[in-house]
Amino acid sequence: MAKRKTKYVCQDCGYESAKWMGKCPGCNNWNTMTEEMMAGNSGQQRLSGGIGSRSVKSEKITSIESQEEPRITTNMEELNRVLGGGIVPGSLVLVGGDPGIGKSTLLLQISSQLAGKGLPVLYISGEESTRQTKLRADRLGIKTDLLYVLSETNLYDISRQIEEVKPSLVVIDSIQTIFREEVSSAPGSVSQVRETTSELMKIAKTSGIPIFIVGHVTKEGAIAGPRLLEHMVDAVLYFEGERHHTYRILRGVKNRFGSTHEMGIFEMKEEGLREVMNPSEIFLEERSEGAAGSTVVASMEGTRPVLVEIQALISPSSFGNPRRMATGIDNNRVPLLMAVLEKRVGLMLQNQDAYIKVAGGVKLDEPAIDLAIAVSIASSFRDQPTKPDDIFIGEVGLTGEIRRVSRIEQRVQEAAKLGFKRVFCPAKNLDGWKAPEGLEIVGVNTVQEALDLGVSR
């Protein structure tokens with residue numbers, strides 16, 4: 001009988017210790033160390049038989065032929081763009097999101113679309129029975145014989161089914177329910193998640209079958225388990241949105257085969273998820289015209305320009321320390337831009353509360369939105385609205401200058417498509433391209449210049 005040993009593993013970062021500690025030395029979190037019984041050679045054991053058990057040998061890099069991997073495309077162009085053009089054969093993709101946000105619905109729709117193209121798909125659910133999965137499939141109108149459903153949590157049986165069915169895509173829902181018999185800890189523990197993901201990665205790479213795995217998220221919004229899980233997979237996708245609203249955002253956080261800044265927009269309907277092909281119209285459809293503190297910016301999300309409304313509310317503070325709150329942008333960016341407006345423009349904002357929001361639940365982090373935030377703050381402070389057909393693009397420096405941004409032509413084209421008449425952008429971005437007909441381009445060098453032209457006193 002194999003000798004067993006006891007060790008304590010942090011459920012947040014995977015730190016291992018021979019004794020229990022209240023505070024994890026790895027991540028400094030409290031009460032995250034749990035006891036696990038491990039077989040002495042469990043780390044070296046692997047599944048006998050199955051796809052991932054064949055022997056391999058190394059090759060000279062000069063002898064390997066370079067070829068473009070054909071991608072598997074779905075009927076969802078939004079998903080294809082986030083993945084970099086489609087599903088790469090042999091890739092391991094991790095999908096995370098809050099409970100009830102629609103992860104299982106999305107993956108079941110993808111499985112149905114590929115099965116409808118004649119590609120066999122194996123959908124493995126560790127949280128639902130096959131009848132429960134069938135109920136969801138009936139609601140989504142899925143009727144195809146090439147979609148195979150399995151309710152199983154034992155990795156050995158899952159490997160056997162993959163070898164038997166030989167699918168073109170495998171979906172694991174979710175990785176926290178899958179276990180290996182050789183690891184004695186409970187399903188969902190750090191050891192089980194690490195070992196099962198490692199085996200699934202081996203199956204994907206050796207067989208060329210793409211595998212999608214669903215990961216639970218913690219109350220902080222991060223994928224549960226050690227960060228090692230995100231390092232092991234080829235792509236990490238976050239499915240975001242409010243459960244009480246219909247719109248969902250699929251965002252690529254890591255992608256070895258494409259951009260990590262792509263974003264896909266979906267709308268949750270009774271019959272499933274529907275793509276939103278023009279998200280700019282969605283984000284601007286409820287904008288109030290003539291309201292002070294509202295501006296529009298053209299932000300780049302990967303290769304796609306998206307027009308988003310930025311709202312600001314500036315009001316006198318009743319406390320000694322004014323409040324600075326932001327939703328959808330970095331909290332540290334608001335006091336920085338307010339300091340620039342105080343020093344370079346002369347706005348007395350030190351006794352004002354500031355509340356900044358990106359409408360539509362989008363999160364923006366690129367520097368090109370600085371000018372729009374500064375203009376919205378000045379507009380609310382002066383109680384003077386900007387023109388409803390103006391757009392502001394530019395990075396603001398600490399000396400008040402407006403610095404150039406990337407892909408200005410694509411941003412301007414998106415603004416022209418939605419009927420905007422005037423674009424404020426850095427003056428250094430004006431060379432080498434031609435503006436669309438009917439759109440006025442205003443090049444500005446400083447924040448003061450942008451406010452003089454865009455916000456009335």
Side-chain angles (χ1 to χ4, degrees), residues 284 287 289-300 305-314 326 328-330 333-349 352 354 356-359 364-416 418-431 433 435-436 439-457:
L284 299 177
R287 187 189 179 204
E289 293 188 7
S294 172
T295 59
V296 178
V297 63
S299 175
M300 293 299 301
V306 178
L307 301 189
V308 184
E309 179 188 4
I310 295 181
Q311 300 175 340
L313 177 61
I314 307 298
I329 60 173
D330 185 7
R333 184 170 291 181
V334 176
L336 185 147
L337 293 174
M338 293 183 71
V340 172
L341 290 174
E342 281 195 18
K343 185 71 173 180
R344 308 301 175 188
V345 184
L347 302 183
M348 295 301 297
L349 302 172
Q352 303 286 322
I356 313 296
K357 178 183 179 181
V358 180
L364 305 178
D365 58 358
E366 67 163 342
I369 67 174
D370 286 349
L371 181 58
I373 298 173
V375 171
S376 64
I377 292 173
S379 171
S380 178
F381 177 72
R382 294 175 176 174
D383 200 21
Q384 291 290 339
T386 60
K387 291 184 178 181
D389 52 5
D390 285 355
I391 284 186
F392 298 86
I393 307 168
E395 177 185 356
V396 177
L398 293 182
T399 60
E401 82 279 10
I402 306 299
R403 308 176 71 90
R404 68 170 69 241
V405 298
S406 61
R407 299 185 179 180
I408 187 65
E409 292 180 76
Q410 293 174 265
R411 301 174 196 260
V412 171
Q413 290 287 349
E414 183 72 10
L418 291 183
F420 286 85
K421 302 300 182 184
R422 192 165 60 162
V423 175
F424 289 81
C425 69
K428 295 181 176 60
N429 271 119
L430 297 180
D431 297 333
W433 60 282
L439 189 67
E440 179 186 357
I441 307 297
V442 182
V444 291
N445 292 295
T446 63
V447 178
Q448 180 69 69
E449 187 178 350
L451 295 180
D452 291 340
L453 297 174
V455 182
S456 302
R457 291 186 179 275

Q. For the atom pair CG (Leu364) and CD1 (Ile310), what is the distance rounded to the nearest 0.5 Å?
A. 6.0 Å

(Q) Using only atom types and a distance under 3.5 Å, with no angle test, would you say the side chain of Arg287 pairs donor to acceptor with the backbone of Pro388? (A) yes

Q. According to the salt bridge (charged side-chain N to carboxylate O under 4.0 Å, His left out) rule, which pairs have a member within residues 407-416, sequence neighbours left out?
A. Glu366-Arg411, Glu414-Lys417

Q: For Ala354, check side-chain contact (heavy atoms from CB on, under 4.5 Å) against everything at least two apart and list the hits.
A: Ile314, Arg324, Val334, Met338

Q. For Asn445, which residues count as a side-chain contact (heavy atoms from CB on, under 4.5 Å) partner, sequence neighbours excluded?
A. Ala427, Lys428, Glu449

**Q.** Candidate pair Ile441 and Cys425, rule side-chain contact (heavy atoms from CB on, under 4.5 Å), full reasoning
**A.** CA-CA 7 Å; Ile441 307 297; Cys425 69; 3.7 Å; yes

**Q.** Atom pair CD1 (Ile393) and CZ (Arg404), whose distance is rounded to the nearest 0.5 Å
**A.** 14.0 Å

Q | Within-4.5 Å side-chain heavy-atom neighbours: Val297 and Phe392 | A | no

**Q.** Distance (rounded to the nearest 0.5 Å) between Leu371 CG and Arg403 CZ
**A.** 14.0 Å

**Q.** Heavy-atom side-chain contact between Asp370 and Val340 under 4.5 Å
**A.** no

Q | All side-chain contact (heavy atoms from CB on, under 4.5 Å) counterparts of Pro436, not counting sequence neighbours | A | Val412, Gln413, Ala416, Leu439

Q.
Could you measure the distance from the CD1 atom of Ile329 to the CD1 atom of Ile356? Nearest 0.5 Å is fine.
A. 6.0 Å

Q. Which atoms form the tightest heavy-atom contact between Met348 and Gln352, and what is the distance?
A. O-CG, 3.8 Å

Q) Under a 4.5 Å cut-off applied to non-hydrogen side-chain atoms, are Val296 and Val308 in contact? A) no

Q | Gap separating the CG atom of Leu453 from the OG1 atom of Thr386, nearest 0.5 angstrom | A | 13.0 Å

Q) Within the side chain of Ser376, is there an N or O that forms a donor-acceptor pair under 3.5 Å with the backbone of Ser294? A) no

Q. Just how far is it from atom CD1 of Ile408 to atom CG of Asn429, taken to the nearest 0.5 Å?
A. 5.0 Å

**Q.** Expected output: side-chain Thr295 to main-chain Ala372 donor-acceptor under 3.5 Å
**A.** yes

Q: Could you list all the salt bridge (charged side-chain N to carboxylate O under 4.0 Å, His left out) pairs where at least one residue sits in residues 337-346, not counting sequence neighbours?
A: none

Q: Scan for salt bridge (charged side-chain N to carboxylate O under 4.0 Å, His left out) pairs involving residues 387-397, sequence neighbours excluded, and state none if there are none.
A: Asp390-Arg422

Q.
Is there a side-chain contact (heavy atoms from CB on, under 4.5 Å) between Phe424 and Val375? Walk through the geometry before answering.
A. CA-CA 11 Å; Phe424 289 81; Val375 171; over 6 Å; no

